[in-house]
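Please see the structure below; I have some questions.
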Amino acid sequence: MTTPGPIYVLNGPNLNLLGLRQPEIYGHDTLDDVVALCEEVAGRHGRTVEVRQSNHEGVLIDWVQEARTAASGVVINPAGYTHTSVALRDALVTLEVPLVEVHISNVHAREEFRKHSYVSPVATGTIAGLGITGYGLAVEFVCTR
Ligand code: CA2
């Protein structure tokens with residue numbers, strides 16, 4: 001049996017500020033806490049994660065293309081690109097592994113423009129509003145798939 005590739009956990013623009021700004025919306029957990037949680041959950045299943053963050057749409061798309069052959073699953077918080085990026089969706093639709101869209105905040109309880117996602121229709125499933133716990137649940141889902 002070959003070892004499954006890492007689960008890619010991709011984070012979009014401004015998520016490097018997690019825990020440092022707007023804690024009333026996004027909580028106090030940092031991106032380092034996301035890394036620790038995802039590693040812990042994946043480790044329990046004998047799996048690994050590759051957690052990355054970029055503020056650049058093209059970089060995220062390059063990583064999704066890389067994930068096509070390297071990853072055993074993709075968890076993505078596309079952040080603002082959720083609501084704007086046809087190009088990111090076009091890349092995500094090419095994946096043949098489980099794809100989970102995660103949002104820290106409940107996007108449905110916020111501004112109207114956050115209710116539409118270009119990603120949700122091409123994702124296996126979506127988690128929103130559970131804070132960084134959503135990342136752990138998403139990794140768990142991919143591991144048990
Ligand atoms: O709730 C989420 O996870 C979002 O994907 C976060 C995005 C937002 O545009 C989406 O509508 C919902 C924003 C990410 C910015 O993250 C920050 C974190 C801390 C401080 C400032 C920004």
Side-chain angles (χ1 to χ4, degrees), residues 4-45 47-68 70-145:
I7 299 162
Y8 276 37
V9 181
L10 303 180
N11 293 279
N14 300 306
L15 284 166
N16 52 311
L17 300 176
L18 202 58
L20 310 177
R21 300 273 187 283
Q22 295 184 270
E24 67 285 359
I25 300 176
Y26 299 112
H28 290 279
D29 293 313
T30 66
L31 202 55
D32 283 346
D33 294 324
V34 172
V35 174
L37 173 61
C38 292
E39 285 178 346
E40 191 264 315
V41 173
R44 275 199 264 121
H45 293 272
R47 303 280 288 271
T48 60
V49 287
E50 178 70 36
V51 185
R52 300 181 187 172
Q53 186 276 332
S54 176
N55 292 328
H56 305 279
E57 188 174 17
V59 171
L60 291 163
I61 291 167
D62 286 344
W63 289 344
V64 172
Q65 290 191 11
E66 179 186 309
R68 292 182 65 238
S72 57
V74 174
V75 173
I76 188 165
N77 183 344
Y81 290 136
T82 307
H83 318 295
T84 64
S85 182
V86 173
L88 181 60
R89 174 198 172 121
D90 286 346
L92 289 169
V93 83
T94 71
L95 291 170
E96 292 171 3
V97 291
L99 166 66
V100 185
E101 175 188 9
V102 171
H103 298 287
I104 296 161
S105 66
N106 181 354
V107 283
H108 301 287
R110 299 181 62 192
E111 301 95 327
E112 211 49 40
F113 69 85
R114 294 189 203 275
K115 292 181 184 166
H116 176 261
S117 166
Y118 281 102
V119 173
S120 296
V122 302
T124 311
T126 299
I127 299 170
L130 304 185
I132 74 161
T133 303
Y135 287 89
L137 294 171
V139 170
E140 178 86 32
F141 170 78
V142 172
C143 289
T144 54
R145 201 60 207 289

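Nothing here was measured: the structure is a model prediction, and the numbers come from that model. Whatever order the structure lists ligands and atoms in, that order sets their numbers, starting from 1.
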Over all atoms of both residues, closest heavy-atom pair of Cys143 and Ile7: SG-CD1, 3.7 Å
Protein heavy atom at shortest distance from atom 17 (C) of ligand 1: Asn14 O, 3.5 Å
Shortest non-hydrogen contact from Pro6 toward Val49: CB-C, 4.3 Å
For atom 1 (O) of ligand 1, the protein heavy atom that lies nearest, with its residue and separation: Ser105 OG, 2.6 Å
Atom pair CZ/CG of Arg114 and Asn106 - distance to nearest 0.5 Å: 11.5 Å
Side-chain donor-acceptor contact under 3.5 Å, Glu101 with Thr82: no
Residue, atom name and distance, where the atom is the protein heavy atom closest to atom 21 (C) of ligand 1: Gln22 OE1, 3.4 Å
Heavy atom of the protein closest to atom 13 (C) of ligand 1 (residue, atom name, distance): Tyr26 OH, 3.4 Å
Protein contact to atom 12 (C) of ligand 1 [nearest heavy atom, distance to 0.1 Å]: Val107 CG1, 3.6 Å
Residue portion contacting ligand 1 (non-hydrogen atoms closer than 4.0 Å) for Asn77: side chain
Audit row: Val142, Arg47, side chain to side chain contact (heavy atoms under 4.5 Å, CB included) steps and yes/no: CA-CA 10 Å; Val142 172; Arg47 303 280 288 271; 4.2 Å; yes
For His83, the ligand 1 atoms whose distance to one of its heavy atoms is below 4.0 Å: 10 (C), 11 (O)
Protein heavy-atom partner closest to atom 4 (C) of ligand 1 - residue, atom, separation in Å: His103 ND1, 3.7 Å
Audit row: Leu15, Ile104, side chain to side chain contact (heavy atoms under 4.5 Å, CB included) steps and yes/no: CA-CA 10 Å; Leu15 284 166; Ile104 296 161; 4.0 Å; yes
Parallel, tilted or perpendicular: ring planes of His103 versus His83, cut at 30 and 60 degrees: parallel
Which segment of Arg21 sits under 4.0 Å of ligand 1 when only heavy atoms are counted: both
Mode of Pro13 contact toward ligand 1 - side chain, backbone, both, neither (heavy atoms, under 4.0 Å): backbone
Which segment of Thr82 sits under 4.0 Å of ligand 1 when only heavy atoms are counted: neither
Over 12 foreign heavy atoms within 6.0 Å of CD, Glu24: yes
For atom 2 (C) of ligand 1, the protein heavy atom that lies nearest, with its residue and separation: Ile104 N, 3.3 Å
Proximal atoms of ligand 1 relative to Ala79 (non-hydrogen, under 4.0 Å): 5 (O), 7 (C), 9 (O), 14 (C)
Contact atoms of ligand 1, heavy-atom distance to Gly80 under 4.0 Å: 9 (O)
Taking atom 9 (O) of ligand 1 as the reference point, the nearest protein heavy atom with its distance: Arg114 NH1, 3.0 Å
Exercise: do Asn11 and Tyr135 side chains pair donor with acceptor under 3.5 Å: yes
